[in-house]
Amino acid sequence: MAQINHLAIIMDGNGRWAKNQNLKRVEGHKKGANIVRDIVTHTRRLGIKNLTLYAFSEENWGRPKTEVSTLMKLLVEFMTSERKTLLENNIHFHPIGNLDKLPPFVKPLLKKLDRDTQKDSVMELNLALSYSGRSDLVNAVKNIVKSNINPKDITENTITENLSTFNFGKDVDLLIRTGGDKRISNFLLWELSYAELFFEESFWPDFTTDKLDQILSDFYKRDRRFGLISQ
Ligand code: FPP
């Protein structure tokens, strides 16, 4: 049976969901934020140790200002409303990405929640914000060069250790993308090397814990060979 240590999700389709309901795009993001709450607590109940959610990509800065500012406000609301749940359930809130780019009303709150939820944690909730898999790799290369390491000593582990995902279950076991598109969109490029991929037709605001359970039961049946042959 396939084991899951690290689940990653590309939460896509908020805008299209809203359009289908004749609502503004931001309404899709608001509904989407509620689904994040359900999925985080469900993942914790299931005992999955690492959940990484793609909440805002580096490329998303190019969206209209009003949409970006709604997303930032939703993030602040999420951190405020979920603080108690995170602490009670020993979930470490761990933001990753180019966090320096986030607005001043967001950055200190991210840091505080990260720090406050660290102790005794049993699950990592990694929120990818202003995240780009390629930038993360570029930063890793910069750090490696700065460390003056001898090139002959560079291994795959050297790169893994210098990525922003290093502190938790590095390799992704299962990637789910909602919204019907079948692409990776610059997410966790290195860490997805051996991930099982599931592309879900529902838009993120229509995603449910039942749908997650269905995908997981399918995942557990998969024969993960990692380039070897079946046992
Ligand atoms: C993709 O939908 C979704 C995003 C860019 C943002 C994800 C944000 C949330 C789920 C809500 C806020 C999250 C937190 C943690 C508070 P899209 O806008 O690209 O949809 P589209 O492809 O239909 O246009």
Side-chain angles (χ1 to χ4, degrees), residues 7-44 50-86 89 91-99 101-103 105-114 117 123-133 135 164 175-188 198-209 211-212:
L7 166 65
I9 308 181
I10 300 177
M11 310 180 288
D12 196 21
N14 292 350
R16 281 166 289 160
W17 178 88
K19 196 172 170 215
N20 282 353
Q21 323 265 329
N22 278 326
L23 296 169
K24 296 209 169 103
R25 291 180 56 82
V26 295
E27 296 303 322
H29 295 314
K30 284 182 192 162
K31 179 83 179 5
N34 289 331
I35 308 300
V36 173
R37 293 184 175 99
D38 295 348
I39 295 299
V40 169
T41 44
H42 192 63
T43 306
R44 169 70 177 87
N50 300 285
L51 172 65
T52 304
L53 300 176
Y54 207 0
F56 195 84
S57 73
E58 189 96 88
E59 291 77 17
N60 288 154
W61 290 115
R63 291 195 176 195
K65 268 192 179 147
T66 48
E67 181 165 342
V68 171
S69 96
T70 300
L71 283 166
M72 294 300 139
K73 282 182 203 146
L74 281 174
L75 175 60
V76 169
E77 272 175 40
F78 178 85
M79 287 190 283
T80 314
S81 67
E82 296 316 287
R83 184 184 163 84
K84 192 164 170 264
T85 306
L86 295 171
N89 288 283
I91 302 171
H92 177 210
F93 176 88
H94 183 227
I96 57 168
N98 192 352
L99 304 178
K101 275 198 177 170
L102 292 161
F105 71 95
V106 176
K107 269 192 281 192
L109 296 175
L110 285 173
K111 275 198 187 134
K112 182 165 165 39
L113 194 56
D114 180 352
T117 55
M123 173 182 154
E124 295 283 315
L125 166 60
N126 312 296
L127 205 60
L129 296 164
S130 191
Y131 178 87
S132 145
S135 294
S164 62
L175 171 78
I176 300 171
R177 179 183 186 128
T178 62
D181 290 322
K182 295 175 179 61
R183 50 180 175 253
I184 302 298
S185 301
N186 205 0
F187 191 40
L188 303 172
F198 279 74
F199 296 101
E200 161 70 33
E201 288 302 315
S202 325
F203 297 131
W204 178 251
D206 286 330
F207 196 63
T208 59
T209 55
K211 284 184 179 160
L212 176 58

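For ligands, and for the atoms within them, numbers begin at 1 and follow the listed sequence. All residue numbers in this chain count up from 1 along the given sequence.
For the residue pair Asp38/Thr209, the side-chain donor-acceptor check at 3.5 Å is not satisfied. Arg37 and Ser81 share a donor-acceptor pair across their side chains, judged by distance under 3.5 Å alone. Checking Glu58 against Ser135 by side-chain atom types alone, a donor-acceptor pair falls below 3.5 Å. Side-chain atoms of His94 and Asp114 include no donor-acceptor pair closer than 3.5 Å.
In this structure, Phe78 and Phe93 have tilted ring planes: the angle between them lies in the 30° to 60° band.
Among protein heavy atoms, the minimum distance from atom 6 (C) of ligand 1 is reached at Ala55 O, 3.2 Å. Scanning the protein for heavy atoms near atom 11 (C) of ligand 1, the closest one is His29 O, 3.4 Å. The protein heavy atom nearest to atom 3 (C) of ligand 1 is Met11 O, 3.1 Å. When only non-hydrogen protein atoms are considered, atom 9 (C) of ligand 1 lies nearest to Asn14 ND2, 3.6 Å. Nearest protein neighbour of atom 12 (C) of ligand 1, counting heavy atoms only, is Ala33 CB, 4.1 Å. With respect to atom 14 (C) of ligand 1, the closest heavy atom belonging to the protein is Val36 CG2, 4.5 Å.
Of the N or O atoms in Asp12, one or more lie within a sub-3.5 Å distance of an N or O in ligand 1. In terms of polar-atom proximity, Asn60 is not counted as a contact of ligand 1, lacking any N or O under 3.5 Å from an N or O of the ligand. Among the atoms of Arg16, some N or O lies under 3.5 angstrom from an N or O of ligand 1. For the pair Gly32 and ligand 1, the shortest N or O to N or O distance does not fall below 3.5 Å.
Under the 4.0 Å criterion applied to side-chain N and carboxylate O atoms, Glu27 and Lys30 are assigned as salt-bridge partners.
Residue contacts with ligand 1 include Trp204, since one of its heavy atoms falls under 4.0 Å from the ligand. A heavy-atom separation below 4.0 Å is not found between Gly179 and ligand 1.
For the atom pair Ile35 CD1 and Leu53 CG, the distance stands at 12.5 Å (nearest 0.5 Å).
Residue-level proximity to ligand 1 for Arg25 is carried by the side chain, the only part with a heavy atom below 4.0 angstrom. In Arg63, the part holding a heavy atom less than 4.0 Å from any atom of ligand 1 is the side chain.
Near Phe78, meaning under 4.0 Å from any of its heavy atoms, are these atoms of ligand 1: 16 (C). Proximity to Leu74 (heavy-atom distance under 4.0 Å) selects the following atoms of ligand 1: 16 (C).
The minimum heavy-atom distance between Leu188 and Thr52, with the atom names listed, is CD1-CG2, 4.1 Å.
Counting heavy atoms from C-beta outward, Asp12 and Arg177 have side chains that approach closer than 4.5 Å.
Looking at Val40, Leu110, Leu75 one by one, the single match for side chain to side chain contact (heavy atoms under 4.5 Å, CB included) with Leu127 turns out to be Leu75.
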